[in-house]
Student: 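Dropping the structure in here first, questions after.
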Amino acid sequence: MKTTRPFIPTPVITIDGPTASGKGTVATLVAAHLGFHLLDSGALYRLAALASIRYAIAQDDADALAKLIDDLHITFREGLAQLDGADVSAEIRAEEVGNRASVIAAHPSVRAALVARQRAFRKPPGLVADGRDMGTVIFPDAVLKVFLTASVEARATRRHKQLIQKGFSANMDDLLRDLRERDARDSNRAAAPLKPAADARLLDTSALSIDQAVDQVAQWYRALPAPKVH
Ligand code: DC
C-alpha cells in the first residue's frame, strides 16, 4: 500500500516592529534557540538601497528600482550580507542607507520585487522572519506573529549604542528626529504599512532585557497547539 507523508507546512514565526525595537536581536536569538533559519528582511531593503546609491538610481524612480532589484546578486552567508560577491554587512547598517531603504520601501513595485526573495527563506525546520510586514503580507499563515514595540527614547538609546559600537558617529537628537520621521514614513505609507497583524501578540520591550523578550517569544511558541496536518 502506498503511504503518503502528511504535509505539515514549515512553521514561520514573524517578528515585526519599528526601527530599533530590538526585533533583529530578538529574531536572531529565537532562531538560534529553536534551530530555525533567519530572515532579516530589512537587510534586503538596505541592500537594495545601497545598490541604488552605487548605481545612481534615483530614490523616486520606482520602475528602475524594481528592475535593479530583479537583477541584484545578493547572498547571505554565515550572517554576512553580500552584494555582487562583496561583503557589505557593515555598510548597509549606516543610517543613510537605512533612511534610503525606508524611502524606497514605500514603492509598491519595490516591495513586489522582494516578495519571492523573502519567501524563499522558508525552509525546514522553520523560519524566524523579522521586518515590518512579515505577519501581514509575506507570511500571513505564520504560526506565531509578534509585534515588538518600545518607546522612541528607548529605541534611540539602543540605536545610539549600536552605532557607536560599530564605529559610526551618532548624535541622540539626530537619531530621535530620524526615528520619528522613519516611523511616520513606515507607518503611513499606502503599501504594506507598519502595523500589527490582527492576530499578532504585542510585546513592549521598553523595560525588558533582550533575554526576557526572547524567553517570552519562545514561551509563546512552545505553548502553541500541535501543527495541523494537511
Ligand atoms: O529593519 P530595518 O531598519 O533594517 O529596515 C530598514 C527599512 O526597510 C525600514 O525603515 C523600512 C524598510 N522595511 C520594510 O519596509 N519592510 C520590511 N519588511 C523591512 C524593512
Side-chain angles (χ1 to χ4, degrees), residues 12-28 38-53 59 62 65-66 68-69 72 74 76 79-81 83 88-122 127-140 142 145-150 152 154-156 158-163 166 168 170 175-197 200 205:
V12 179
I13 299 175
T14 58
I15 303 186
D16 288 307
T19 228
S21 55
K23 61 188 164 25
T25 311
V26 171
T28 304
L38 176 71
L39 165 61
D40 168 6
S41 62
L44 287 176
Y45 284 91
R46 285 169 181 268
L47 280 161
L50 179 65
S52 74
I53 296 171
Q59 60 184 18
L65 288 166
L68 170 77
I69 292 168
L72 275 189
I74 292 173
F76 288 95
L80 297 181
L83 181 61
V88 291
S89 317
E91 245 173 296
I92 59 168
R93 295 296 147 200
E95 282 304 280
E96 181 206 355
V97 177
N99 287 330
R100 194 179 174 99
S102 163
V103 172
I104 68 168
H107 300 304
S109 60
V110 165
R111 307 200 70 79
L114 286 171
V115 169
R117 282 188 198 255
Q118 294 174 88
R119 292 196 176 138
F121 279 76
R122 185 177 195 165
L127 175 69
V128 180
D130 91 66
R132 304 291 186 293
D133 61 341
M134 296 296 98
T136 49
V137 177
I138 306 297
F139 302 108
K145 299 180 185 179
V146 179
F147 194 84
L148 283 194
T149 54
V152 73
R155 291 188 284 128
R158 284 180 197 157
R159 180 50 57 89
H160 187 263
K161 213 167 122 193
Q162 260 176 11
L163 287 169
K166 287 181 180 155
F168 291 108
L175 278 175
L176 276 169
R177 192 201 53 230
D178 279 0
L179 282 186
R180 289 198 175 101
E181 274 177 20
R182 214 187 302 173
D183 282 354
R185 202 164 40 228
D186 293 348
S187 308
N188 298 328
R189 68 183 178 217
L194 169 67
K195 63 161 194 228
T205 64

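The residues of the chain are indexed from 1 along the displayed sequence. Atoms within each ligand, like the ligands themselves, are counted from 1 in listed order. Nothing here was measured: the structure is a model prediction, and the numbers come from that model. Values reported hereafter were calculated over all heavy atoms of this structure, with side chains retained and with hydrogens, waters and symmetry mates removed.
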Student: Can you find an N/O atom of D133 closer than 3.5 Å to an N/O atom of ligand 1?
Tutor: yes

Student: Report yes or no: does R155 contribute a side-chain atom to a donor-acceptor pair with the main-chain N or O of S21 at less than 3.5 Å?
Tutor: no

Student: Using a heavy-atom cut-off of under 4.0 Å, does the side chain or the backbone of D186 touch ligand 1, or both, or neither?
Tutor: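 Under 4.0 Å from ligand 1, D186 contributes side-chain atoms alone.
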
Student: Does the S109 side chain pair with the main chain of A62, one donor and one acceptor, at a distance under 3.5 Å?
Tutor: yes

Student: Is there a side-chain contact between Y45 and R111, using heavy atoms and a 4.5 Å cut-off?
Tutor: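 Yes, close enough: below the 4.5 Å cut-off.
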
Student: Among all protein heavy atoms, pick out the one at the shortest distance from atom 4 (O) of ligand 1; state its residue, atom name and that distance to 0.1 Å.
Tutor: R46 NE, 2.6 Å

Student: Please check: side-chain N/O of D16 versus main-chain N/O of G135, any donor-acceptor pairing under 3.5 Å?
Tutor: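 Judged by distance alone, yes, a pair lies under 3.5 Å.
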
Student: Do L114 and I69 have side chains that get closer than 4.5 Å, going by heavy atoms?
Tutor: yes

Student: Number the atoms of ligand 1 from 1 as they appear, then name those within less than 4.0 Å of a heavy atom of K23, with their elements.
Tutor: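 Answer, ordered by atom number: 1 (O).
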
Student: What part of R100, side chain from CB on, backbone N/CA/C/O, both or neither, has a heavy atom under 4.0 Å from ligand 1?
Tutor: neither

Student: Is the contact between R185 and ligand 1 made by the side chain, the backbone, both, or neither, using heavy atoms and a 4.0 Å cut-off?
Tutor: neither

Student: Is R189 in polar range of ligand 1, meaning some N or O pair under 3.5 Å apart?
Tutor: yes

Student: Can you find an N or O of Y45 that's nearer than 3.5 Å to an N or O of ligand 1?
Tutor: no

Student: Please check if the side chain of D40 supplies one atom and the backbone of A43 the other of a donor-acceptor pair under 3.5 Å.
Tutor: yes

Student: Side chain or backbone of A105 under 4.0 Å from ligand 1, or both, or neither, by non-hydrogen atoms?
Tutor: side chain

